[in-house]
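Each ligand, and each atom within it, is numbered from 1 in the order the structure gives. Keep in mind it's a predicted model, so treat the numbers as computed, not measured.
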Amino acid sequence: MHHATYPSYRDLFAGVPKPFAYVDLDRLDTNVQKVLDYSGDKSIRVASKSIRSVSMLRHILDQSPRFVGLMCFTAEEAVFLSTQGFDDLLIAYPTWEPTHIQQVAERVRAGCQISLMVDSLDHITHIKRIAQSEGVQLPLCIDLDMSTSPYNALHFGVWRSSIRSADQISALVQAIQSSNHLILDGLMGYEAQIAGVTDASPGSTLMNSIKRHLKARSLPVVAQRRAALVAAVLAAGGQPRVVNGGGTGSLKTSSADPSVTEVTAGSAFYAPGLFTQYKDYDYSPAAGFVLEVVRQPSQDIFTCLGGGYIASGDAGPDRLPQPYLPQGATLMPFEGAGEVQTPIHYRGPEALTLGSPIFMRHAKAGELCEHFNELILIRDGEIVDRVKTYRGEGCCFL
Ligand SMILES: Cc1ncc(COP(=O)(O)O)c(C=O)c1O
């Protein structure tokens, strides 16, 4: 693999107008192999929200028959991807907008496999009405609540589904089965508190050990609840085609759960800042963006144009992008990464001047692509291609 050093990356991209985003294919392919290794023999669904480029999705899916389909983030996106030739699309979050459900219905009528997510009778009734008027049978996936309550004091996980008991899920299965216009296609139980919570963040020794402890306590609860809910679905006569679980930060434990038929991975491929802060996973930084130094307000401060690409979520300092190369470059504490400029502190061996590139990493994966129309692909120390992001296709899904 090409060694990622400041001089090598600087020379490799010399002449490319900044800012731009890139993907290092050698590293991405290493991450693909890691995902396959971490997931045992399970099938893997690729989380498209963490890729946001049709070409990159194809590149990943082509690497192994164990990549079975995509986990989409909106119905419009799933419809778009189905017109691009992708199939087996699971929309991971509920859709309410009737026109979007109708568009899914059209694609399903045309023979595409697209599943809509539900977690309530209201969702089911709403989709049933549209499926009836469209004259199709729509596949549904039930979202299971995998959050836990350590010491009966905390909510450890995300606020999504309310489905956590056998009685609740049986009622949903019966409602689906009582309609000729619906079919139970899958179950999904995403343990966000394990998959999405870093536990090896630099400078956070105490928090890291608290998070590891909470994760370890949560694991058996997740496995038991997921197994009990799958059993309840089978007892109610449901025959789900897939039971999906996990994400990049839980591939080993999710794939060890016998009730799971497939795991999800997305962030692992680009391996942004937050996803290289897990004790049990070792992904290689494969994507980044490059800013240009346009001012030098002080001896060790190099101010770049733009760069304020803040990641979503509980927005603390860990949502900021971070300088990657040259090594030792840091953001300034009171300015961070800004809408129009990002000052970088650097005192080191590389001679930075106006026009020098600063290589940055986004904290999350796919959000990077919302700021760029294309990704410059490198392999073996050379630029080998340029591919469009969703934005470059003119698509803004969410
Ligand atoms: C339902 C669901 N599954 C899996 C994931 C994991 O995605 P990734 O592997 O990109 O972190 C997410 C991320 O938010 C999710 O919402």
Side-chain angles (χ1 to χ4, degrees), residues 28 31-32 34-36 38-39 42-53 56-57 60-61 66-75 77-78 88-95 115-119 140-147 157-161 163 185-199 215 222 226 242-255 257 260-278 280-283 285-287 311-314 318-319 362-370 390 397-398:
L28 181 117
N31 293 334
V32 167
K34 291 247 161 95
V35 166
L36 290 166
Y38 290 148
S39 307
K42 288 277 173 7
S43 299
I44 300 153
R45 187 171 293 279
V46 175
S48 61
K49 75 176 177 69
S50 303
I51 307 297
R52 299 192 199 209
S53 159
M56 296 314 298
L57 286 170
I60 295 165
L61 290 181
R66 280 175 53 211
F67 292 121
V68 290
L70 298 177
M71 173 174 282
C72 300
F73 57 109
T74 72
E77 184 213 10
D88 197 345
L89 308 171
L90 173 64
I91 303 167
Y93 316 98
T95 311
S115 293
L116 290 157
M117 192 61 60
V118 296
D119 67 31
L140 302 184
C141 180
I142 303 177
D143 192 357
L144 318 174
D145 176 29
M146 290 289 112
S147 64
V158 282
W159 293 103
R160 292 191 185 181
S161 171
I163 303 303
D185 181 51
L187 306 174
M188 181 184 79
Y190 171 52
E191 59 274 50
Q193 70 275 25
I194 297 165
V197 173
T198 59
D199 57 13
K215 284 180 168 197
V222 165
R226 202 159 35 205
V242 300
V243 179
N244 180 282
T248 290
S250 74
L251 290 178
K252 293 181 189 175
T253 51
S254 306
S255 60
D257 182 341
V260 163
T261 64
E262 58 170 44
V263 291
T264 298
S267 306
F269 302 109
Y270 293 163
L274 288 173
F275 285 90
T276 43
Q277 299 178 21
Y278 284 71
D280 295 331
Y281 299 91
D282 175 27
Y283 300 113
S312 59
D314 180 18
D318 68 344
R319 304 288 141 161
H362 203 277
K364 291 179 74 174
E367 291 178 13
L368 167 69
C369 292
E370 296 299 334
Y390 280 2
F397 294 119
L398 207 56

Taking atom CG of D143 and atom CD1 of I163, what is their separation to the nearest 0.5 Å?
9.0 Å
Students should find this: residues with any non-hydrogen atom under 4.0 Å from ligand 1. What is the answer?
A47, K49, S50, M71, Y93, R160, M188, Y190, G246, G247, T248, T264, A265, G266, S267, F275
Can you tell whether the side chains of R160 and D119 come within less than 4.0 Å, N to carboxylate O?
no
So does R226 pair up with D257, basic N to acidic O under 4.0 Å?
yes
State plainly whether the residues D280 and K252 are in salt-bridge range, i.e. N to O under 4.0 Å.
no
Would the Y190 and Y93 ring centres measure less than 6.0 Å apart?
no
Going by the angle between their ring planes, with limits at 30° and 60°, are Y278 and F275 parallel, tilted or perpendicular?
parallel
